[in-house]
Amino acid sequence: MEQILCVKNLSKSFIGVKALKEINLSINKGEIHCLAGENGCGKSTLVKNISGVHTPDEGEIILNGNVYHSLTPYQAMKEGVQVIYQDLSLFQHMTVAENIAISKLSFEKKKIVNWKEIKKIAKEQLDRIGVSIDMDQTVGELSMANRQLTAICRALAQDAKILFMDEPTTALTKKEVERLLKIIVELKKKGLAIVFISHKLDEIFSVADTITIFRNGEKIGDFNSKDLDEKSLSHYMTGREVEYPRYHRKCKDNQPIMEIEHLTRKDQYEDINISIRKGDIIGLTGLLGSGRTELAMSLFGLNKTQSGCIKVEGKEVKINSPMKAKEFGIALLPEDRFHQGLFIERKIKENVSSALVNALSNRGILNRKKEEKLAEECVKELKVRTPSIDTIIGTLSGGNQQKVVIGKWIATKPKVFIMDTPTVGIDIGSKAEIYEQIHKFADDGMAIIFISDEIQELMANCNKIVVLAEGKCVVTLNEDDLNQEDAAQKISNLISSGENTEIKEAM
Amino acid sequence: MKIKKVDQFQKILLLIIIIYSILVSIKNPAFLHFETIFDIIRTSSTTMIVAIGLLVVMISGGIDVSFMAIALFGSYTTINVMIALGIDNLGIAFLFSGMIGIGLGLINALLINWLKLPPFIITLGTQNLYHGVMTTFISDKSFGAGVLPECLHEFGQGTIFKIVTEDGAVGLTISLVPVLLIGIATWLILYKTMIGRGIVAIGNDEESARRAGFNPFKIRLFVYAYSGFLAGIMGIIYVAQINALYPNKLVGNELMVVAAVVIGGTKITGGQGKIFGTILGVTIIYLLNSTLILIGLSSSWNNLFVGAILVVSVAITSYQERIKNRSHLIFTE
Amino acid sequence: MKKIREYMNRDLNLSILVTLTFAIFITLRIIIGPSLLSLNNIQSMLFQVPEFGFLALAMMLSNMVGGIDLSIIANANTVAIFTAYVLNGQLSFGTDGAARIILALIFAIVCSLLFGSFNGILISKTSAPPLIATLGTMTLFQGIGMAVTGGASVGDLIPEFSMIAKAKLLELPVIFWIFLGAAVIVGLVLTYTSFGRNFYLYGGNPVAARFSGIHNEKMCISTFLLTGLLAGIAGIIILSRVNSAKVGYGDSYLLQTMIVCVVGGIDPNGGKGKVQGVVIAILLMQVMSSAFTIMSLSPYTKKLIWGIMLVCVLGLNHIIGNYSEYKKLKMSMKAKA
Amino acid sequence: GCGSSNQPAAADSAATDNAAAETEAETEDTTEASAEAVDKSADPADYKVVMVVKQSDSWFDDMVTGVEQLQKDTGLNVSVQVPETGDAASQIAIMEDLIAQGVDAICVVPNDPEALVPTIEKAREAGIVVVTHEAPGTADKVDLDVEAFINEEFGQLFGKSLAEAMGGKGKYAGFVGGLTMETHMAWYKAAVEYIEANYPDMECVTEEPYEDGNSVEGAHDKTLEILKAYPDINGFFDCSAQGGGICEALLEKDKATTIPVVSLALPSMSSTYLKDGSMAHGLAWRPADAGYATCYAAYLLASGQGVETGTDLKITGYESVNVENNIAYGFAPLEFTAENVDDYNF
Ligand SMILES: Nc1ncnc2c1ncn2[C@@H]1O[C@H](COP(=O)(O)OP(=O)(O)OP(=O)(O)O)[C@@H](O)[C@H]1O
Ligand SMILES: Nc1ncnc2c1ncn2[C@@H]1O[C@H](COP(=O)(O)OP(=O)(O)OP(=O)(O)O)[C@@H](O)[C@H]1O
Ligand SMILES: [Mg+2]
Ligand SMILES: [Mg+2]
């Protein structure tokens, strides 16, 4: 087979970490090559070195037979490298259409902008992956899922020889993922090489020809996907056995801790009724735009409700600010980790204590000992991979950053913890650790609202699942319902039934 | 859809302008003369030019507070040389001053690119630097009306056409021509060329722009050179209009221009901004400052009035934006 | 030695600044001679520092939350004007002597807090960009002062008030001690209190702060309250130093406060910076400005030097910052190997 | 009478300076200071006089040339300090530094006389002679205030010139640089009062003067607006030197020949307007001469020679000053017209 990319002895260091250690890799035409590994093992760094975002410390990158010691993004594009970055790299204030077309135009060294052409390119690509996004909307107004779809369209718009996809499916629903995977397979047939990075092992197995496993910046090896199964893969990735235990509610207290009654906000969600007891882990799922994030924000006081009420421990409460929410023992793990969850230039310990500054203070004086203790505990419990709690959080990998954000809210010991897609971009090892923690806290009496797209994840971790479609609560499944064999199938059917109506309306 | 949304914002500005104008006319019908518009066009023309330059810089995610120093440097040096050599040619004046502007703008861009620091600080430094260099190494003398090259004086007094009314002639200033040309050119650059899109792109996210194949360094060079060029042009028009040359004018009036651009709907964080909005913003500021006498406000109440209106219009426009963002669950602080 | 190096690495900007200050100091000492360090001159310099220093501290706070407060000087002057009316008996409500001074001080503080909170409320409730919002309030506050005085200066204060500026403690002006005390308090508050921590977090990423249940509006308003208060204290010091108040006094300080903050290592995007840096920068600025007077430099040369210094400090920070990053990288690699 | 009371303080500062001088290399200043303490020499070279002007512009540039001329003529050790902006704060800062340096005399053209008083007092307590210019209001706080003329009389000159140019009737408006500028306000008031008293057919359109913010475009823009608000206006006067802006506006509206302008003016900046008739009168005094006279007066006071009525300050207009209430009035107002403006070169 024809080799498109060959990486030789590539090394890259950042302050405090050696992100890549003498990596050798070769990728062939018409191959789907998956990179797997825990958070922070260097997958994204490898991609960025090849696409010209980072300059390697040592080593060679051979693209189409041309040897580079470092490249510019333009050179990389010229060699046919296209990337869907983990952080998407979109332009917030530009329209969807322009975002999709702009790389292509800039690569073609166009001098003059033809807006019709931009629309044409964008429309082609959107049709290709079969989604309807308003092309004149600015990206800043899109949901995470639509942003991801936009980024995918952008990468597809250019004729790539090798396409890197760094966790392209984190915000997508199952349906969209399936469509994307289908496209990937088609592209492969056309002779493209595709490098696919994901933490969702089922995705990896459904498309991969070769799987390269990284651990701690080192390559463990290349495997044929047929030679691996989920268990062995995770074993290679983590160096240990991991298992998802199924959650069963143990708490005996059946008094509802939080009741949501007829909660409505026009155009976002309607007449939502949910009752949550101590120890409940309630899954909340639905299509993109189904209003889950909006509901979560409302429960956290960031999105005004219009009618209905929220009761905490039987008392009706008005949650009109996060401070109030915190007072009532409600925590929210936000969807947009980078902007809403992290203080990117501050130390880990400061991030951990950020929701607790007042509680850690005595008469206004911050107790730094307590803070450090808290941070140490958090890092230890959630197994954050970091040199110390004084490390600036921006230098951690995405997954490790997320763990710190979870840790920060767990430290507040909330009664109800709303997690908006908490395991996006997190490796199985860490996921298992996080699930374990969640279960433990639920066992201790915490109630959890778990928002996710992954039905398997919800099935394993929740004792109750609420499915939303177009802002309405379609069905609520109890533990008994979930124990039925066809539960997973039922949920995905419900979701797609919602989707059908959506498509109808769009047409 | 895009255009509709932007108009929404500009509508508010227009509304503010219209309501204010009505109030002034009620107080003093003299405001309703043709003359008023012509006078506002003339007095605001210089600010329009630098505001458009600043708009481009701010769209690219930067800010420039050295443009007044550049305008002064360019025009002062150019006219000094012209006086010394006895040159009397408008084209040369614009060209030379524009070139100086480009040069100083490039220095800004190089420093920003090298130091990777907020442009506000860098241009604050270069503002002092340019002015210091000019007055230390070139000259710090003032020149009165008669000494300036004749062509400048003619240009400053020039009109496109005149309307004769019962109390004298009213002319539309010729300075409108460069303003219009610059406005159109800037619009073309921003919306019809790739470099314009690059400017918007680096304003949105520099790293993403780099990944999309743009060269932020080159774009930045262009942006600051363009703003410097416009400043150089503006300097000449300014001198022509006031018909005298001082080594210490202009510098210190930057922030009002920044205010005008921001009131016009330009994001201080970059990536977004409209030429028409900027024009409206400048108009609001000038309207305010040039109607105080008409409404019979005594001098000691000037600032109180201007400040109050400024605060109110900033509050209204920002609050609109905030409401819109919050309803989309976008949290900008 | 090793400890020093460790310390230097920990806060690079500050160490560069200290080194630079010493270098400039020594250079000036050589050029100008011993008179630079005479007790007389030191007293005179420290006498000048506080009014500017308080304004710079105010600017620093606003910069640290990613904002800027252009209204500080207008605030100081207008506060001084109102206070002057109390002190000269026009608004003194029958008090006299010490009681009147106390009334005046209370009045000044209330007044400056009002101005500060106006800024804070405007910015936090409407999300107006601070640069523009405070440009508006600057004009507004000036306007209030102007409307009240018609531009004339307000004098005839009771003579005891000027004692605040004249008094000395341990050979140094009392107002300098007050400034130093205020700087230390601000520093301690920012480093050790929960407010300080919230302040840094809010400055670093206000959105994440909101999502962490930090009361952003409260933070914003209290920051500008503090800014207003510091500006108001500057106003009191001005009043006591010049014995009269007038619109427009000290307008040239505005640009200088910004420069001082930058040189002092404050990141105007917010969330970073230390009081120590700004205090050193203030002293540096004062020494240089006194030296310029002694050398009889023309104002344009001064401007040129400020410009060059700003660019140099930034350049030096950048180069050394890069170098130390490179060294850290190397060290971390060595440690791993 | 103030020289003697300052004697001990001067000796004190000389003593401290001497102590410093023992350990460090001797500087010129300290030797002079000690010489003064023993016996006042009359040699100008022994005195260090510093002039602090308002800001850098053509006006004060000319003042600098006058001061330099004085140095050449007499050998007086005199220098000029120019603040970065026209702000009382920068003048205070400069004066503080000068006090610490222990100069013999400080001359200052205060931006805001009231604000400078405490610093002036401090300087005098340190034995430094302080002479002001353009600050008659605070004359009792300084050793001497030197004025080119009596401000009221100069202001009346504005009124008189304007009234004559307008033919004694019609509406008029007046500008000042800013409401905070004391001398401008004094001239404005005197001018308006003079017109009110002598020309009943003339009417000022506003209570307060307009502000041109000391800038030509300010004067220009405001004039356009005034023309609109008061279409029947018949004359302008400007107490700050920005009459050119008014003339420009009138030229633009073809009204330059019908509406007279009287303005404080520098010949170099306004000769065009005087010649083309858009400016009827320019009024000024020679900044160079004022600087010369002020610094010379400071030297006289520092060396104990005193300034009384009749003292010659060695420059035109100040050959025989009239000292009243601690103010030394020269007689140096200048009136420019189209005919004589070319005789002046500042
Ligand atoms: N710009 C940077 N500066 C410093 N360190 C960095 C930087 N980018 C990445 N790193 C570090 O390099 C290592 C590899 O990071 P990388 O983002 O490649 O991980 P990843 O495998 O993509 O993880 P994830 O699955 O969480 O995305 C991590 O330890 C990370 O902290
Ligand atoms: N036309 C529109 N104008 C403005 N905002 C829109 C528009 N369409 C969608 N949005 C925003 O996108 C949201 C949909 O994405 P969001 O992430 O909030 O939903 P979700 O239910 O959490 O789904 P997911 O988590 O799968 O993205 C809408 O509810 C709205 O806030
Ligand atoms: Mg990654
Ligand atoms: Mg969502």
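Chain A is the first sequence line, chain B the second, and so forth, proteins listed ahead of strands; every chain is numbered from 1. As a basis for the values below, the full set of heavy atoms in this structure was taken, side chains included, without hydrogen atoms, waters or symmetry mates.
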Checking heavy atoms, do the side chain of [X], its backbone, both or neither come under 4.5 Å from chain C?
X	result
D:V117	neither
D:S56	both
D:I94	both
D:Q55	neither
D:D87	side chain
D:Q81	side chain

Does any heavy atom of chain D fall under 4.5 Å from the side chain of [X], the backbone, both, or neither of them?
X	answer
C:S162	neither
C:F52	neither
C:S244	side chain

Response to the item:
The complete set of ring pair (Phe, Tyr, Trp, His ring centres under 6.0 Å) pairs with one or both residues in residues 76-102 of chain D, sequence neighbours excluded, reads none

Pick from [options]: which one has the most heavy-atom pairs with chain D under 4.5 Å?
options	answer
C:M146, C:M45, C:Q43, C:E51	C:M146
C:I42, C:L39, C:L297, C:N41	C:N41
C:A291, C:S298, C:A165, C:G250	C:G250

Tell me, do [X] and [Y] make a side-chain contact under 4.5 Å, heavy atoms counted?
X	Y	answer
D:D145	D:N326	no
C:R100	C:F161	no
C:I73	C:Q142	no

Discussion item. Among D:A88, D:G178, D:P118, which residue has the highest count of heavy-atom pairs closer than 4.5 Å to chain C?
Written reply: D:P118

Practice prompt. Over all heavy atoms of both residues, which pair between D:T138 and D:P113 is shortest? Give the atoms and the distance, please.
Written response: OG1-CB, 3.7 Å

Worksheet entry | Residues forming a side-chain contact (heavy atoms from CB on, under 4.5 Å) with C:T149, sequence neighbours excluded | C:I81, C:Y85, C:V154, C:V247

Worksheet item: How long is the gap from OG1 on D:T119 to CD1 on D:I92, to the nearest 0.5 Å?
Response: 4.5 Å

Discussion item. Quick check against the 3.5 Å criterion: does C:Q48 have a side-chain atom that pairs as donor or acceptor with the backbone of D:E96?
Written reply: no

Worksheet, complete the sentence: In D:F175, D:F237, D:Y210, the residue satisfying ring-ring contact (aromatic ring centres under 6.0 Å, His included) with D:Y188 is D:F237

